[in-house]
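By convention here, the first residue in the shown sequence is residue 1. For ligands, and for the atoms within them, numbers begin at 1 and follow the listed sequence. What you see is a predicted model; the values in this text were computed from it and never measured.
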Amino acid sequence: MDELVRADTVAQLVAREGQAAVTDAARRVLRRVRDGITTGHLNPEDLDHELSGLAATLEKEVKRSQTYSLRPVINATGVILHTNLGRAPLTLAALDHIHNIAAGYSNLEFDIDAGERGRRDLHVDRLFESLLNSDTEETTGKDSGHPPVSTIVVNNNAAAVLLALNTLAERGEVIVSRGELVEIGGSFRIPEIMAKSNAILREVGTTNRTTLGDYESAISENTKLLLRVHRSNFEITGFTTQPQVAELTSLARKRKIPLMEDLGSGSLLNLSSIGVHGEPTVLDSLHAGVHVVTYSGDKLLGGPQAGIISGDRDLIARMRGNSLFRALRAGKLTYGALEATLLEYIKHDYDSIPILRMMRLSKQDIAKRAKIVASRIQAPKINVELIDGDSILGGGAAPSATLPTCLLALASAVFTSEEITSRLRKSDPPIIARVEENRVLLDLRTVFPAQDDQVVDAINKISN
Ligand SMILES: *Cc1c(COP(=O)(O)O)cnc(C)c1O
C-alpha cells in the first residue's frame, strides 16, 4: 500500500488530489484485487495485468469517488411531473432563497420582533392564508366561502395523510369508498397507511359504485372521519357512481364528523383553461366544505417535496400538537423553497414556475423548437421525423390528462431503439426519452429551451 502510493506514477495524482483521497482509493482498489485472488476470480496473468495498470485504475477510482451520484438529467419524456426524475423543477426564486437561507443562519424558529422562539410553520402559513382565504378570483372564479383555514407542512404527502389520520382518527373508524382504496406507488396504499396511523378502515360501497347512503349507513359512534381519496393515477369508467364532494360535506356536517380529502396533486390554479379537466383545486375542495385537504408540494403546485395539510384551524392545531408532526417535519430548505414558490402565486407570476410554464406551452411553441432542433441534426444513421403526440402531466395528477405536443421521433436502420436511448442516457447530462412502436420519442415540452443545444449534440453523437 505504502509502495503503491509512493510510486512515481501515482505521485502526480497525489499532488493533484491529496494523499488522503488517493490512499482511500488505493485501499479500495487493493481490497478488490485481494478479493479477486481469494475468490479465485483473478488468475496470475490477470494479476500482473491488474498491477501494471494500477495507477490508471487508481485515478479512475479517485475520480469515481469524488463525483456526485445525484446528477441533473434532461427530461425529454414529456412527463411533466416525473417521480423518477425528481418531479417539479424549482423556480429560480426558490433556488435563490434556499441559497440565502441555507448558507448561513436564519429565523427558522425565531421571532425576530419578540426576540424569542418562534414557529417554523408560520413562514408559509401566512402565504397559504392569503392564497386560500382571500377572494382569489383568478384562481377560483368565486370568493372563499369557507371558514378560515390554516396550513402545516410535513415531509411529503404520504406523511401528511399519516399525520392527519393519526390525529383525527386514532383507534376510531374511517369511512372510505372501495373505489378509492388506492395504491399511489412506492408502497403508499391507503389501507396500509390507515393501519400505520392506528385508525380502523371501514370500507363502503363497491369498486365502481358507492352512494351517499353507503357512507351514511356505515356511520356509527366509532366513526371519527370520512375520507375521500383523489383517484390520481387511474380512472373508473362505465357503470359508476360516486357522491359529489358537496353531498359528502353536508353529510359530514349533519353528523358532525370531519371530512378529509387526500387530493394528491393539490393544484392552486384551475387548469381547465389549458385543457386539463377534472383536477380539483385545493380551493374547490375547501370551498365545497371539506374540513382537511392533504396534497404534495412537488406535484401541480410546482414546489419542493413536501406534504401540505390545509383545513379548519382547530383540526390543524391538533395535528400541530401531535408528536408525529415533530417526527415528520420539513427542514429549512423545504420551507425556503415553498415560501418562494408560493410568493410567485401571490404575485400571479405563474410563468416563473417551471411546471406551469411547461404546461402552458402550446403545441406550436414546441413545434417551432422541434423544427429547429431537427434541422440541426446531422446523424447519418438516424432518421428524424416530427410527429404529433401527447405530453403527460404525470405525478398522480388528472390520470388521463394529456397536452397536445410535437415530438421528435428517432428511428434507425442500424441501431435499435434501446441502443439509441442507451446512448442518449450516456451523454452528459444524460437524456431520458421514451420508446413507442420502435421509435425513440423526445418531447421538448419538458426540456428547458437552454438544453436544446445539448439534445442536438447528443443525437449527433449517437452515430459515432
Ligand atoms: C402522490 C399522492 C400521494 C403521495 O404523495 P407524496 O408527496 O408522493 O408522498 C398520496 N395521495 C395521493 C392521492 C397522491 O396522488
Side-chain angles (χ1 to χ4, degrees), residues 79-90 124 128 151-166 168-169 174 176-197 199 201 210 225-236 242 245 248 259-268 271 276 278-282 284-286 290 292-311 319 324-325 327-331 333-335 337-338 341-342 355 392-401:
V79 180
I80 297 172
L81 294 165
H82 198 306
T83 297
N84 302 148
L85 304 184
R87 291 198 186 151
L90 293 178
V124 294
F128 278 113
T151 299
I152 52 172
V153 175
V154 287
N155 179 61
N156 57 13
N157 189 33
V161 174
L162 177 68
L163 173 63
L165 288 177
N166 178 260
L168 303 178
V174 180
V176 192
S177 159
R178 289 200 170 89
E180 297 174 4
L181 294 175
V182 303
E183 169 171 331
I184 302 298
S187 81
F188 179 89
R189 290 174 158 188
I190 290 294
E192 286 167 21
I193 209 108
M194 191 80 72
K196 295 275 187 205
S197 68
L201 173 64
T210 303
L225 187 71
L226 306 182
L227 174 65
R228 205 178 133 94
V229 183
H230 185 50
R231 290 177 188 151
S232 44
N233 53 9
F234 72 106
E235 277 182 335
I236 297 179
Q242 192 184 15
V245 183
L248 281 177
L259 170 66
M260 165 170 152
E261 185 170 25
D262 177 19
L263 267 185
S265 246
S267 179
L268 294 182
L271 302 175
V276 177
E279 187 62 31
T281 69
V282 175
D284 287 338
S285 294
L286 293 172
V290 175
V292 172
V293 182
T294 57
Y295 48 108
S296 296
D298 54 356
K299 289 186 181 171
L300 286 177
L301 196 134
Q305 178 190 306
I308 305 168
I309 314 176
S310 299
M319 295 181 206
L324 260 185
F325 177 53
L328 303 172
R329 79 179 181 190
L333 306 185
T334 303
Y335 277 101
L338 195 54
T341 309
L342 293 172
I355 61 140
I392 299 163
L393 249 54
S400 60

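Between the side chains of Glu261 and Ser285, at least one donor-acceptor pair of N or O atoms lies under 3.5 Å.
At least one donor-acceptor pair closer than 3.5 Å links the side chain of Gln305 to the backbone N or O of Asn155.
Note: no N/O pair closer than 3.5 Å links Phe188 and ligand 1 by distance alone. The N/O atoms of Asn157, backbone and side chain alike, include one that comes under 3.5 Å of an N/O atom in ligand 1. For ligand 1, none of its N or O atoms has an N or O atom of Asp298 under 3.5 Å away. Looking at Ser265 next to ligand 1, no N or O pair under 3.5 Å apart turns up.
Contact atoms of ligand 1 toward His230: 13 (C) (distance under 4.0 Å to a heavy atom of the residue). Every atom of ligand 1 with a heavy atom of Arg87 under 4.0 Å away is listed here by number and element: 6 (P), 7 (O), 8 (O). For ligand 1, the atoms lying closer than 4.0 Å to a non-hydrogen atom of Ser296 are 5 (O), 6 (P), 7 (O). Counting atoms of ligand 1 from 1 in the listed order, those under 4.0 Å from a heavy atom of Gly264 are 12 (C), 13 (C), 14 (C), 15 (O).
Within 6.0 Å of atom CZ in Arg189, 12 or fewer heavy atoms from other residues, nucleotides or ligands are found, so the atom counts as exposed in its surroundings.
Side-chain contact check for Leu85 versus Val79: every heavy-atom pair is 4.5 Å or farther apart. For the pair Leu342 and Leu268, the minimum side-chain heavy-atom distance is below 4.5 Å.
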For Val292 and Met319: C-alpha separation, side-chain torsions, deciding distance, then whether side chain to side chain contact (heavy atoms under 4.5 Å, CB included) applies. CA-CA 11 Å; Val292 172; Met319 295 181 206; 3.9 Å; yes
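Under a 4.0 angstrom heavy-atom cut-off, Gln305 registers as lying outside contact with ligand 1.
Taking NZ from Lys299 and CG from Asn156, the interatomic distance works out to 9.5 Å, rounded to the nearest 0.5 Å.
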